[in-house]
Each structure stands twice: as structure tokens, then as C-alpha cells.
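Presented below is the structure to which this report refers.
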4 protein chains.
Amino acid sequence: MGKIEEKKKEKKQALLASAFQLFTEKGVDNTSVSEIVKDANMAKGTFYLYFKDKYEIHNYLIAYHANLIFEKAYEILDHQVLEKVFDSVEDAVIFLTGSIIDQLEANLSLMKFISKNLSWGVFSKIRIMDYDNQNCMDIFDSLLQAFSKKYRQKELMIYMIVELINATCYNVLLYREPVRLDELKPELFVAIRNLLKQFEE
Amino acid sequence: MGKIEEKKKEKKQALLASAFQLFTEKGVDNTSVSEIVKDANMAKGTFYLYFKDKYEIHNYLIAYHANLIFEKAYEILDHQVLEKVFDSVEDAVIFLTGSIIDQLEANLSLMKFISKNLSWGVFSKIRIMDYDNQNCMDIFDSLLQAFSKKYRQKELMIYMIVELINATCYNVLLYREPVRLDELKPELFVAIRNLLKQFEE
Amino acid sequence: MGKIEEKKKEKKQALLASAFQLFTEKGVDNTSVSEIVKDANMAKGTFYLYFKDKYEIHNYLIAYHANLIFEKAYEILDHQVLEKVFDSVEDAVIFLTGSIIDQLEANLSLMKFISKNLSWGVFSKIRIMDYDNQNCMDIFDSLLQAFSKKYRQKELMIYMIVELINATCYNVLLYREPVRLDELKPELFVAIRNLLKQFEE
Amino acid sequence: MGKIEEKKKEKKQALLASAFQLFTEKGVDNTSVSEIVKDANMAKGTFYLYFKDKYEIHNYLIAYHANLIFEKAYEILDHQVLEKVFDSVEDAVIFLTGSIIDQLEANLSLMKFISKNLSWGVFSKIRIMDYDNQNCMDIFDSLLQAFSKKYRQKELMIYMIVELINATCYNVLLYREPVRLDELKPELFVAIRNLLKQFEE
DNA sequence: GATGAATGAGCGTTCATTCAT
DNA sequence: AATGAATGAACGCTCATTCAT
């Protein structure tokens, strides 16, 4: 019956929502299963019907939200590409980067949650999960194709760009160290343009 | 009497050694104080004579080992500089980077330990601790001066380089994803050269 | 289902019984939660399902047993009042006192437990708890009304009488110092009669 | 050598002073030997050269300070008796009581410290200790003799008076329950006069 | 499928006491 | 006599997990 399936999905979503809120609020280590189920209005045992343990729900959430950020960024980008706003791939990537940084800046606890947990491996696993979004790589890929430019080692290039953004923004956004975001941004954009050039065929 | 002081230092060293081994083997969260003192052949209470809690010994170890890596790299570099091996700062930085990566590759659990815990703030605090070494920034600084080249925003530049190295090497060293180390290295080196150029005055 | 509720009540009762025995035997400070649950044949965690900490069960027991003593004394008194045994309020109060002293004498560890912990504030809080008995003040009140005599500052009067009884009996019952109980009693009764007179309007 | 004896007495006094301050400030259970010796500027081991354990120093302090209160009260009284200020024993006892209550009121943490720990047995042991003061009983005794009145069962009488004062003042001073001190005092004085009359021969 | 009472190993931390110096 | 480093049992408390209902 579809209704049962629906109810199960609702339960799972409720658990995910509660866990995400608590994880970002107080950290994963300081959040207990008890608190999650309490917040989700469920019995403790129910949690274990949907997730093997606390770490499964943790990984799920990282992948989910990391993907969400790219999705949102791409959504905005897509409109602009269609409207031929950008002269080059470089400009589009910079725009994408800016969009991602803006999202992270607007939600620091989300950035904290994702950043230190986001490993390259997670992206490739996102598809396995039950939300059928495009992932980060596809987004870049389609972007690069849209401008029909040829880059070698596309995956490595994207990897280096993503890691550079993530790594440099972390301290800057959370602690304003060693510089403020508005000081980092222009240099980061130049560095990304250079990385793109570096991988041109 | 000096003998007591000596014994105390030995105890502290034993605790640091045991903690480091266990932290790198099983992670900080999965290592208990009980295990540390057991490994160090001490009573539980003794731990608290030397460290306020698990996190104090953790921070101590991060700063200590991060510093050690730079020190070792710089030691080698120093000899080469004296012998005028390098034509430019760029070459020297690349050499330094290579040396650091080699160390990380040779000790993956150390890399794992440092990488996810190393925040920019830690560097500035290293001096405070009781080993009076030069730190990362000083090393770069003296390097740059040695070649009397002028760069703007040196701190930001170093920050971006260090974060790029750290971030890109993590997955590559630990999971060989998305490429192997020997595939990453040349591109990383080019990227670093570009970053240096970007900050030339 | 009622069965679960019943089992929970049984568990709580078992904890209370074990705690009371250990508290009176060895004192509150020398009794650990571990010992209580061991005596009650339960896991340590179970204790914390029923009481916030050691002090909650402690307060519960003080109030409970203090109330119990008054209740028992009043029960007997009630019958006698109905049978018009007493000529005056004074006689009834003396009877009540005697009855309370007898109970304390029969259970010295109970007396020790209650005496040093019983503060005036506890009485007013007894009602809050889940046994809905009359408390000390109500008992005296109804007694005084039964004989329709008017006293001023009833609460202060009762306070002074109760404290006098409690304070003088403590050393006498536990250490027979400075006199034996049978030497104290007549003088205590006279003193109480004088206190009652003192507060007549 | 006398100097060594003197130094030892100084150390003991320092420990007593530190312990008393900490006991009254934070309670006996929340004060550790570590804190006492730290406050007294001594090594931990030194404590055990002077006291068997924490409880020995505790008992010592109770007896000492309880005695001190009576002493102070008597000192004042003595002058007044010599000057024939009082017409009767009753008046003198009331004065003594007032003086004791004033001291307790002026130092609530002292009152808290003494009150619940003061047992009749402590008084008789005071003499054993190394401060050779008169104790409570002697004070009353000499008072009664000064007025050459005859009371029966003097010890019991004093016991009841002292316990009544102590017991009724405790809650009133600490929590103002069930009445304020100025409401208790007149009634307490009347009750004491009645007790004295009760024991007249 | 859902519950939540029960578990108990494990946590970090304290501290009275000992004893080599 | 004085020290203070070392001890380790014991503490209160947490919480992931189980399982009878």
C-alpha cells in the first residue's frame, strides 16, 4: 500500500530534520539519539528501524546538504546561462563559486557541519541515496560542455577548485582568520581563474 | 632536585606518545583517557596531573606535530638554500611543498590526524607552547626574504597555499581519489607557482 | 497497559526501599547510587529513569517518612478523640508527642535519618508529592479546632513544639545523653504544656 | 626545643583556619584536603601529620567554635553580673541567650556549620582538646551558683534550653521560616523563662 | 511497525591517602 | 619534618542498543 510507504518516508524525513537541526546546533558528538527521537516525536526504538546508528544518519545528512548547495547554485546559474549572461566559462565558474560562498556565509553552522566532513568520496555516493539529484561533478561537466571548451583532467581540476574554495573559506568564514571574507574573495577568484587556465588543453 | 623534574618530563612524554599513537590509530573520539594511561602504564589520576583533559593533550599534539613537519622540511631546505641550489623562491617553495607531502605520505595516520584538526589559529599559538621553534609563517617569511622578492599580503598567500596543499592531498593520500599522488603533484606545483605569481607586487 | 505502570511502581518502590535501608544504615554521604541499584537488583541507568540524582530520592524519603510518623500518630489519636478520651487539647498533644516519640524510639535509624534532615520547609512541600496525606500542620490544626480553643500564632507554636521534641530527643534516644528517655519525657511534657499555655489567647 | 613546638602549633593553626574558612564557605563535603593545604600554603602530606583525616579536623572545629560562642557570651555576662545588672537568674539567662543569638545572626555560615553538627556529646569532649576553656555547662553552673538559686536536674535543664534555642533559631535565621527572628525572640524568651521555672526546686 | 523501559559498559573526573625523596 | 608526585578505587552520570510488549 502506498500510504504505508508514505508514512515511513515521513518518519524518516522527520528524523533527518531533527538530526540536522541538532547536529548543526550542538555538534554531532553532543547530540544523542534520545534527543533526536524526542525532537522528532518518536520512540527511541523507532530510530533503529530507519538508520543503523547515529553515524549513518550523519553521513546521509552531509551528502544531502552538500549536494543541495551545488544544486541551488546551479539552478541560479542555469537561468543566467540561458540568458547568455556570461562571456566565458571562467566567469560562470566564478559566479558559481560566489553563489556557493554566499550560501555558506548565510548559514555558518551548515558550513561547519559540511566542511570538515566533506570528502571527495561522498559525492560519488550521493547518487546511491534516494534523492535523485544531479551532483557536483555533473553540474560542472554540463557547464564546461555548455561553453564547448576543452579541458584536460576535468575531474582533478574540479577537485582542486572545490577543495581550494572549501579549505580557504573555512577559517575565514568561521573565525575571520587570517583575513576577512571580502579580502579573500578577489584573490580566490583570481586563483580559480588560474586553475582553469592551467587545465586548458 | 633535577631527577624529579626529569621523571615528570618522562611521564608527560609517555602520555603524549601513547595519546598520539591511539589518536592516530582510532581517532580522538574513540580514544578514552583510560586507554591512554593504560598504554602509558600509569594510573588514571596521573593523566590529570599533566593535562586538564583529553582536549588539551589533543591540541598539544596537533600543534607539536604540525610544527615538526615544517621544521623538518625547513631543515632540509636550509642546507639547499645555503648551497644555492634554487634559482628562485618558486623553486624553493615547490621543494618545501614536496618535502612536506613526502612526510605526509610516509605517515598517513599522522596526515589524517593533523589535516582535519589543523586550523590556521593553531599556528599562531605554537610559539606559546614550550618548544621554542620557528613556526610555519616564520619559515616562509625568512624564505621569501632570502630571495628578497616582494609579495603583497604574505599571510593570505601562505594561507591559501597551505590550505590548497592540505586540502588536495587529503583524499589523494588517503583514498587515491580522484587521482593518484603522482598525478596530483605536477598540477599542484603549477597551481602553487601561479598563486605565488598572483601575489607578486 | 496497566501492567507496565505496575512494574514501574514496583521498581520505584524497590529503589526507595533500598535507598532508605542504606541511608539509615550508613548515612546518605556514604551511600552511592551504585550500592542502591545493586541492593535493588537493577542496572545503574535504571536509577536515573526514576530519580534525577541521589538527592532527589533523599528528599523524597525524608518527606515520606516524616509524614508517615505524623499520620500514624494521628490515626491513633483520632480514635481516642472520637471516644472522648481527652479532657483538653493539652492532653491530646501530649498523647501525640508520646506516640511520635515511641515510634522514633522503635526505629532509631529512622529517627537519625529524619531528625538531622527535617527542616520546616519540608512539611509544606509534602503535599506536592504523590501521596496525598494530611501533613503535620493540618493535624495540629484540626486538633486545636476539635477542642475549639483559640491560640495565637499557631504556626510558630507548632514549630517551637516540634523543634523542641525533635532536638531534645535526638541525643537522648541515640546516646542516652545527658539523661535517659524516661527522665526526659516528664519534663518534656511539662515544657510542652507550658508552651501551649504561652500561646493561649 | 620550644621553637619547633611553636612552629608545629603554627602549622596546625594555619590548617584549622583554612579548613574553617572553606568548610563554612562551601560546606564540608565540597571541601577537599587539597584545597585546605593549598589555602594553608602546605604540602598535602603535611595535613596527615597533624590530623588523621578530614573528619578529625571537622570535629575539632565544631567543638572549638561552639565553645567560643559560649565563651564570648559569658565574658560579656560576667561583667554585667559583677556590676549587679540583673535582678534574677532568669534575666541573666535571657541575656545570655540573646547574646548567643546575636552572634549566630552575625555569622550565618558559622551557625550553619555548628548547628546541625553540634551534639551534646561534643561539649563533654571539649576539655580533652588543647584549648583549656570553660565549657557551656560550667558557664551555666557558675551562673546559677552566682544567684544561689537551687534548680533540680541542672544538666537536663540546660540541655533543653540549649536545644530549644538551637533548634528554633536554625530555620528562622537561615530561611526566615516560619517567622522572622524578631517574632521568634519574645516567644522564645518566655519559653525559656518557663523552662527555668519548671526546674525550680 | 512502533514502543520505551531496561540495560550496563563506559565515560571523564575527583580525591583521600601513601611513600620515596 | 616536610614534600608533592603518584595512585586507583570510586564517584555520578550518559547513552547506544536491545527486546518484550
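What you see is a predicted model; the values in this text were computed from it and never measured. Numbered from 1 within each chain, the chains take letters A, B, ... in sequence-line order.
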Check: Phe51(A) and Val33(A) side chains under 4.5 Å, non-hydrogen atoms: no
Nucleotide dC15(E), atom P - distance to CG of Asp29(C) in whole Å: 13 Å
Range-with-range stems for DNA chain E, at least three Watson-Crick or G-U pairs under 3.5 Å: E:2-21 with F:2-21
Spacing of Lys38(C) atom NZ relative to dG12(F) atom P, expressed in whole Å: 14 Å
Letter per nucleotide, 5' to 3', of nucleotides 3-12 of chain E [B base touched, S only sugar-phosphate touched, - untouched; heavy atoms, 4.0 Å]: BBSBBB-BSB
Lys26(B) atom NZ, neighbour heavy-atom count above 12 within 6.0 Å: yes
Side-chain heavy atoms of Ile57(C) within contact of Phe47(C), under 4.5 Å: yes
Glu56(B) CD to dT13(E) C1', straight-line distance once rounded to whole Å: 14 Å
Whole angstrom value for the distance that separates C1' of dA16(F) from CG of Leu22(A): 16 Å
Gap between atoms CD and C1', on Glu6(B) and dT21(E) respectively (whole Å): 15 Å
NZ/Lys38(C): more than 12 non-hydrogen atoms of other groups inside 6.0 Å: no
Can you give me every donor-acceptor pair (side chain of residues 39-46 of chain D, partner residue at least two apart or in another chain, under 3.5 Å) with its distance?
from     : atom 1 : to       : atom 2 : distance (Å)
Asp39(D) : OD1    : Ser18(D) : OG     : 2.7
Lys44(D) : NZ     : Ser34(D) : OG     : 3.0
Thr46(D) : OG1    : Ala43(D) : O      : 3.3

Residues Ser109(B) and Asn107(B): side-chain donor-acceptor under 3.5 angstrom: yes
Length of the CZ-P vector between Phe51(A) and dA2(E), whole Å: 13 Å
Minimum side-chain heavy-atom gap Phe113(B)-Leu61(B) below 4.5 Å: yes
Note, Glu25(B) side chain near Leu22(B) side chain (heavy atom, < 4.5 Å): yes
For atom OH of Tyr55(C) and atom P of dC11(F), their distance in whole Å: 12 Å
Atom-to-atom span, CG of Leu15(A) to C1' of dG1(E) - whole angstrom: 14 Å
Heavy-atom check, side chain of Lys12(C) versus side chain of Leu15(C), under 4.5 Å: no
